[in-house]
There are 2 protein chains.
Amino acid sequence: MDNSGVFTEPHAHGACGHHVLGDDCRFCSIRRLSVCSALDPDELSFLEDMSGDAAFEEKSTLFRQEDEAFSVYNITAGVVRLVRSLSDGRRQITGFALPGDFLGLALEKSWKFTAEAVTDVKACRFKRSTFDDFSEKKPHLMRRMHEFATHELSLAQDHMVLLGRLTAEEKIASFLVTMKRRWTRVEGHELGLIRLPMGRQDIADYLGLTIETVSRVINQMQRDRKLVIVPDGIRFVDADYFEHRALA
Amino acid sequence: MDNSGVFTEPHAHGACGHHVLGDDCRFCSIRRLSVCSALDPDELSFLEDMSGDAAFEEKSTLFRQEDEAFSVYNITAGVVRLVRSLSDGRRQITGFALPGDFLGLALEKSWKFTAEAVTDVKACRFKRSTFDDFSEKKPHLMRRMHEFATHELSLAQDHMVLLGRLTAEEKIASFLVTMKRRWTRVEGHELGLIRLPMGRQDIADYLGLTIETVSRVINQMQRDRKLVIVPDGIRFVDADYFEHRALA
DNA sequence: GAGCGGCATTGATGTAAATCAAAGGTTGAG
DNA sequence: CTCAACCTTTGATTTACATCAATGCCGCTC
């Protein structure tokens, strides 16, 4: 099924027609953020040998809910939306994966959500069985995975508060503040603007709102001089307002 | 700070004035459901030696968000609500812990939520540092904890769909179906009624609704002959209706 | 640079659930 | 048994957000 340590994924498409071995992990710019930060140089090079680069075009699907999880991924560039859909078309986005985020924490055979590339995406891909065997032998990697999982759980609980108890305005403010923090962490320094590569519909599906409400609230904030809308994102004008209004 | 393996918790109250060593784990009725099912007899007896029974009266607090997490708990009897509160009093209940559930998966020093006893509660308590050391040395216990964490994460995502995208009627139906499944698992067999030891306000705070809406929807379901309200719970009349309406 | 397709915005209207406001029930103390 | 405290239920009214319906605004392709 594969040769020379390179393997293919049944549902791979887009720019992903061929694979190259992973770039050198030692120079990986998001390593400090990722599960790999738990590893020493020897382990890192072992992991590197069993990894492959994967690229996904904007709008392509990394994997679908219910698909068998042959691979796990470390996102190295771009943004992925994690989606749960109801049979009648209603969607809830449970999260956006940014560089450094790991997809495949669960130890189950099948994916519990669909992952779609919001922008062009690059990821470090591992064959699941190999990765699991490795983490079985490396307690600090397993521990790191567990830390990631419990951190995600805490974020999920924050998001429950947001979905269940915040107003539309508070939801948008919380989302923007969170995105600002996350991008700052990924980029390593504060940017003037807050990147919003996802569309208004995605934001709506993440916050449990409609696209019209998201548009209205953001534009009202602009009229109220709280922010300015710029290409590919927004810029805070009144940062205090946002810190005060973001509760989750 | 403690003697003969028995330790005290700074915030322990209620019926918890003194401790006895844990009951015999071999006869623990919820072991098959708990993290302990990963352990062999030797490990179990080691764990038993480092555990203590804890009891909490109805309405008492097991621990508060931000408190330092000195202990971790395995719930053996009763129901605990896990609460996140906003400064203005709005509450979101992120989950109800039933027998077999574990509190303390996170590896962080402080609790990320408040835990309150809905009924009288019994729990198997471990000193956190001891438990962590033990799981560090026992990969399959760590793995089991990780399985619990990722399972919780998946449930949290289900709950996000519920909070963000379901109607009040769908939320109630989903809640009832879930409680039925969970109690059946805990009791080991199907009961005629679905126990609802928590009050209407708790259900509302779990589903992101108000108490009035919860009351109205449940009573409307009764008028529509979908269920009957009984002391301490409800009974399904039209189980098909619920299976069909519960989406998360 | 005309036309098209895919978002985003804006306005008018509708509605599910919140809020406000009383009653009813149930429990337990005295 | 009576009373009080605390839930829960029910009804009337309001409202935040959804829905329905255009219109505007790019960035493509040809």
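Treat the numbers as computed from the prediction; the structure is a model and nothing was measured. First the proteins, then the strands, lettered A, B, ... as listed; each starts at 1.
Rounded to 10°, the angle separating the first-five-pair axis and the last-five-pair axis of the helix from C/dG1-D/dC30 to C/dG30-D/dC1 equals 30°.
Distance alone, capped at 3.5 Å, places no donor-acceptor pair between the A/S215 side chain and the A/E212 backbone.
Spacing between atom CG of B/L207 and atom P of C/dA18 amounts to 11 Å, rounded to whole angstrom units. The CD atom of A/E212 sits 15 Å away from the C1' atom of D/dG24 (whole-angstrom rounding). Here the P atom of nucleotide D/dG27 and the CG atom of A/D232 are 11 Å apart, to the nearest Å. Atoms CZ (A/R200) and C1' (C/dT10) sit 14 Å apart, rounded to a whole Å. In this structure, A/I172 places its CD1 atom 11 Å from P of C/dT9, rounding to the nearest Å. Atom CG of B/L196 and atom C1' of D/dT8 are 14 Å apart (whole Å). The nearest whole Å value for the distance from the CG atom in A/D205 to the P atom in C/dC7 is 13 Å. Rounded to an integer number of Å, the gap from A/N219 CG to C/dA8 P is 11 Å.
Closest approach of A/V217 and A/I172 over heavy atoms only: CG1-CG1, 3.7 Å. Across every non-hydrogen atom of A/V80 and A/V118, the tightest pair is C-CG2, 4.2 Å.
The nearest heavy atom of DNA chain C to A/I229 and to B/T213 marks one nucleotide each, and the one closer to the 5' end goes with A/I229. Both B/K59 and B/R223 sit near DNA chain D, but only B/K59 has its closest nucleotide nearer the 5' end.
Judged by distance alone with a 3.5 Å cut-off, no donor-acceptor contact links the side chain of A/E169 to the base of D/dC17. For B/Q201 against D/dC6, a side-chain-to-base donor-acceptor contact under 3.5 Å is absent. For a distance-only test at 3.5 Å, the side chain of B/R216 qualifies as a donor-acceptor partner of the base of C/dT19.
Proximity of B/R125 to B/S71: side-chain heavy atoms (C-beta onward) are separated by under 4.5 Å at one or more points. Looking at heavy atoms from C-beta onward, B/L176 lies in side-chain contact with B/F242 at the 4.5 angstrom threshold.
Listed pair B/S215 / D/dT8 fails the phosphate criterion, with no side-chain N or O lying under 4.0 Å from OP1 or OP2.
When the nucleotides C/dT9, D/dA18, D/dT8 are ranked by their closest atom to the side chain of A/T210, D/dA18 comes out on top.
Between the side chains of B/S60 and B/E57, no donor N or O sits under 3.5 Å from an acceptor N or O.
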For this session: Kindly indicate, with the supporting measurements, whether the criterion side chain to side chain contact (heavy atoms under 4.5 Å, CB included) is fulfilled by B/W111 and B/Q65.
Result: CA-CA 5 Å; B/W111 292 105; B/Q65 188 170 355; 5.6 Å; no
